[in-house]
Amino acid sequence: MEKEKFYLTTAIAYTSKTPHIGNTYEIVLSDAVARYNRFIGKDVYFLTGTDEHGQKIQEIAEAAGISPQQHVDKIAGEIRAIADMLNVSYDGFIRTTDDYHVKAVQGIFKKLYEQGDIYKGEYEGWYCTPCESFWTKTQLKDGCCPDCGRPVQNTKEEAYFFKMSKYQKQLEDYIEQNPNFIQPEARKNEMLGNFIKPGLQDLCVSRTSFSWGIPVDFDEGHVVYVWIDALSNYITALGYTVDEKGELYKKYWPADVHIIGKDILRFHTIYWPIMLMALGEPLPKQVFGHPWMLFGEEKMSKSRGNVIYAEDLVRHFGVDAVRYYMLHEMPFAADGTITYETFIARYNSDLANTLGNLVTRTVAMVNKYFDGVIADGGTGGDYDDDLKTTAVSAMAAIEEKMSVLRIADSLDEIRKVINRANKYIDETTPWLLAKDDSARARLGTVLYNLIETIRIIASLLSSYMPETSSKIAALIGADDLSYESATVFGVTKAGTRVGEAEVLFARIDAEKKLAELAAEMAEPEEPEIVPYKDNIEFEEWEKLDIRVGKVLECEPVKKSKKLLRFVLEVGAERRQILSGISQFYSPAELIGKNVVFIANLKPRKMMGLESCGMILSAESDGRLTALTTLGDIPSGAEVV
RNA sequence: AGCGGGGUAGAGCAGUUGGUAGCUCGUAAGGCUCAUAACCUUGAGGUCGGAGGUUCAAGUCCUCCUCCCGCACCCA
């Protein structure tokens, strides 16, 4: 019988900078799913790769004085090395700069253009200068800017557009008829409610403002929008082109699941399906938007000193400990956290104490009591049945959890078996049996049962902690870790030799290790600053009108995450300015303070309120500090 | 009233179609010694965000309030 196929993908990693552990989570999660599906007998194709085009990459490379290609070669290499280090069992690794991908994307773009799904527009930008925004004709209110009501200017810029709206109904139907298409459930509502139902806008799918991308081959100067480029990877990697669908494509498409971060769900559940509908290809069965891994309460960032890299974790704790933490500690839908403290706590309790110690103590006893030879399991006794049932039935429970991507729960099912085995040792007290010659056969069976249970554990663990799984197998002389063997008790043959008792996961002295880590992190990082801008003339500087204002009122803008609304005293004037610093200040601490602001910046509306000027802040890696004057000075004073 | 998801033991989380709460870690006491001061048992600890309501019976349904989070418009 032919094996059922299973195609899964991760998002391709953006090659702007070295990924941290949060970015790495996705590929480990996916790997567990891939390995698991292979384990249960499916024909799996697991794709990952790197996303290497875009303006940001071009800018970073330029700042570093190297070519974009040199930059992405370096980062893509790092990303692949991380995947390899973590034992990720990908079948394909695609880079969007790969030749075949570039050609295939050009073909896709051209086909969509020729069949009219993509059309060349003059970016009929109706531009509102005060608001600095483009509007489409339909968005205008009485021919004026819908935000501020001022007249708009018709600006033209050539660009290609994708007729999203054409497929809106079809997409909506698909989502509703396939309730599991978007996972977790809550995300589905977001997509439907925020984007699809209000009406899809045509998507601008080409750029002319930078060159690091896939050229539109029939129109020089245009580059394919990065998302069209990136999303296509899922099919181009399988050899899809518009002219010839490759063998892999015929076999594996549509994807069984795209595993991606929750932030890019919109691209995968709207743009991507619509692209496929336009190409006449089937849609993926499921898109799973996983949560984020945070450091404590915060997002990881270099300047906060809370970035954790996979490499460091692996160096200190080992690959499988890292995999275990990621797979077990991340909730299904909500963001999870990692800190060194929680990592070590988990490591000690689950891996060192429970799993590692079980294996060690069992093997030690086989060595001690039977010179390393496993006896036969024929002398039954109390507690045997419960142990066997627990071990043999775990697989079914895991299958249930894994079928809905509940990885953490699956690991808990394995833990149940491990706990049961530890308890069995206590119940059967092998050390007492060892003192009683007449109990020798029973002792042999007790140890046999333990070895069998451990063999099943090793089998069950193979999807999640492959290295540990094979280590255990080698230790107990097991050569069959198959799916089938995981549900059968009595596979090990009497007479099999075990190895020397070995510590799988050495217990970690938390205090000592944390001190070690702290010392390591204290090493100064070379400060990186944003590159300087080009010089300007004195007259240009003179155009700016920068003033001091005193904060009279300050309050959060309702519903806004970032904005604070200020009323400044500027001489006799009262001026309202919005500033996006609410994450860094509570309003009370700013009232009465002097701030520095640009007075002659054109007013602009945000969140329904008008902002007349701009309060100056200094920024470092996303953190803002408002500027003020060292000494007190009357408001309205000019900054010169 | 933009859409949606949540507030359950010190911490992190489960709780199906309503019948007075579970898991993991931590913690206390006891047991054991094969083992990595590991393992096993037992216990303490919750008025299930607040207030009403439906019901013989409500974390579990309804209403209102409150707080948190995600998504969308928003860091000039």
Between B:A38 (P) and A:Ile418 (CD1): distance, integer Å: 17 Å
Which dot-bracket string fits RNA chain B when only Watson-Crick or G-U wobble pairs with both atom distances under 3.5 Å count, crossing pairs get [ ], and | stands for a partner on a different strand? .((((((..((((........)))).(((((.......))))).....(((((.......))))))))))).....
Spacing between A:Glu329 atom CD and B:U24 atom C1', to the nearest angstrom: 9 Å
Check whether NZ of the Lys or CZ of the Arg A:Lys423 lies under 6.0 Å from the centre of the six-membered ring of A:Tyr383 and within 45 degrees of that ring's axis. no
Say you pick atom P in B:C62 and the same atom in B:U55; how far apart are they, in whole Å? 16 Å
Rounding to an integer number of angstrom, what distance separates B:C13 and B:G7 when you compare their P atoms? 10 Å
Below 4.0 angstrom, N of the basic side chain to O of the carboxylate: do A:Arg547 and A:Asp545 qualify? yes
Distance, rounded to the nearest Å, where A:Ile508 contributes CD1 and B:U36 contributes C1': 12 Å
Output the rounded distance in Å from CG (A:Leu590) to P (B:C75). 19 Å
When you compare B:U63 with B:A58, how far apart are their C1' atoms, in angstrom units rounded to a whole number? 15 Å
For side chain to side chain donor-acceptor pair (under 3.5 Å), just list the numbers for A:Lys262 and A:His290, CA-CA rounded to whole Å, side-chain angles, deciding distance to a tenth of an Å, and then say yes or no. CA-CA 5 Å; A:Lys262 62 180 183 180; A:His290 68 248; over 6 Å; no
Between A:Asp376 and A:Tyr448: side-chain donor-acceptor atoms closer than 3.5 Å: no
Measure from CG on A:Leu355 to C1' on B:U24 and round the result to the nearest Å. 16 Å
Considering only the P atoms, how many Å lie between B:U16 and B:G70, rounded to the nearest integer? 25 Å
Name the nucleic acid region contacted by A:Phe195, choosing base, sugar-phosphate or nothing; use a 4.0 angstrom heavy-atom cut-off, strictly under. sugar-phosphate
Just the atom pairs and distances: protein N or O near nucleotides 25-35 of chain B's N or O, under 3.5 Å.
residue: B:C34; atom: O2; partner: A:Arg361; partner atom: NE; Å: 3.1
residue: B:C34; atom: N3; partner: A:Arg361; partner atom: NE; Å: 3.4
residue: B:C34; atom: N3; partner: A:Arg361; partner atom: NH2; Å: 2.6
residue: B:C34; atom: N4; partner: A:Arg361; partner atom: NH2; Å: 3.0
residue: B:A35; atom: O2'; partner: A:Asn357; partner atom: OD1; Å: 2.5
residue: B:A35; atom: N1; partner: A:Arg361; partner atom: NH2; Å: 3.4
residue: B:A35; atom: N3; partner: A:Asn357; partner atom: ND2; Å: 3.2
residue: B:A35; atom: N3; partner: A:Arg361; partner atom: NE; Å: 3.2

For the residue pair A:Phe288 and A:His258, is the inter-centroid distance of their aromatic rings smaller than 6.0 Å? no
Same-atom distance (P) from B:A14 to B:A38, integer angstrom: 29 Å
On a whole-Å scale, what distance lies between the P atoms belonging to B:G59 and B:U47? 13 Å
Residue pair A:Glu502/A:Ile577 against RNA chain B: nearer the 5' end by closest nucleotide is A:Glu502
Sequence neighbours excluded, the answer for side chain to side chain contact (heavy atoms under 4.5 Å, CB included) partners of A:Ser410 is A:Ile398, A:Lys401, A:Met402, A:Tyr464
With syn defined as a glycosidic angle within 90 degrees of 0 and anti as anything else, the base of B:G59 is syn
Centres of the A:Tyr347 and A:Tyr325 rings: under 6.0 Å? no
For the side chain of A:Lys423, starting at C-beta, report the closest nucleotide among B:C40, B:C74, B:G70. B:C40
Nearest whole angstrom, please: distance from the P of B:C39 to the CG of A:Leu351. 12 Å
Does any donor atom in the side chain of A:Asn357 or A:Arg507 lie under 3.5 Å from an acceptor atom in the other side chain? no
Without decimals, in angstroms, what is the distance between A:Asp412 CG and B:G22 P? 18 Å
Distance test, side-chain N/O of A:Lys188 to OP1/OP2 of B:G4, below 4.0 Å: no
Of the non-hydrogen atoms in A:Pro273 and A:Phe267, which two are nearest, and what is the gap between them? CD-O, 4.4 Å
Sticking with atom P, work out how far B:G2 lies from B:C65, rounded to a whole angstrom. 13 Å
Proximal nucleotide (of B:A38, B:A72, B:C40) relative to the A:Asn422 side chain: B:C40
Parallel, tilted or perpendicular: which one describes the rings of A:Trp227 and A:His268, with boundaries at 30° and 60°? perpendicular
Can a salt bridge be assigned to the pair A:Lys416 and A:Glu413 using a cut-off of 4.0 Å between side-chain N and carboxylate O? yes
Students often get this wrong, so: under 4.0 angstrom with heavy atoms, is A:Leu504 touching a base, only sugar-phosphate, or nothing? base
Between C1' on B:C71 and CH2 on A:Trp292, what's the gap in Å once rounded to a whole number? 14 Å
Within the structure shown, what part of the strands sits under 4.0 Å from A:Thr342 by heavy-atom distance: base, sugar-phosphate, or nothing? nothing
B:G26 and B:C64: how far apart are their P atoms, nearest whole angstrom? 43 Å
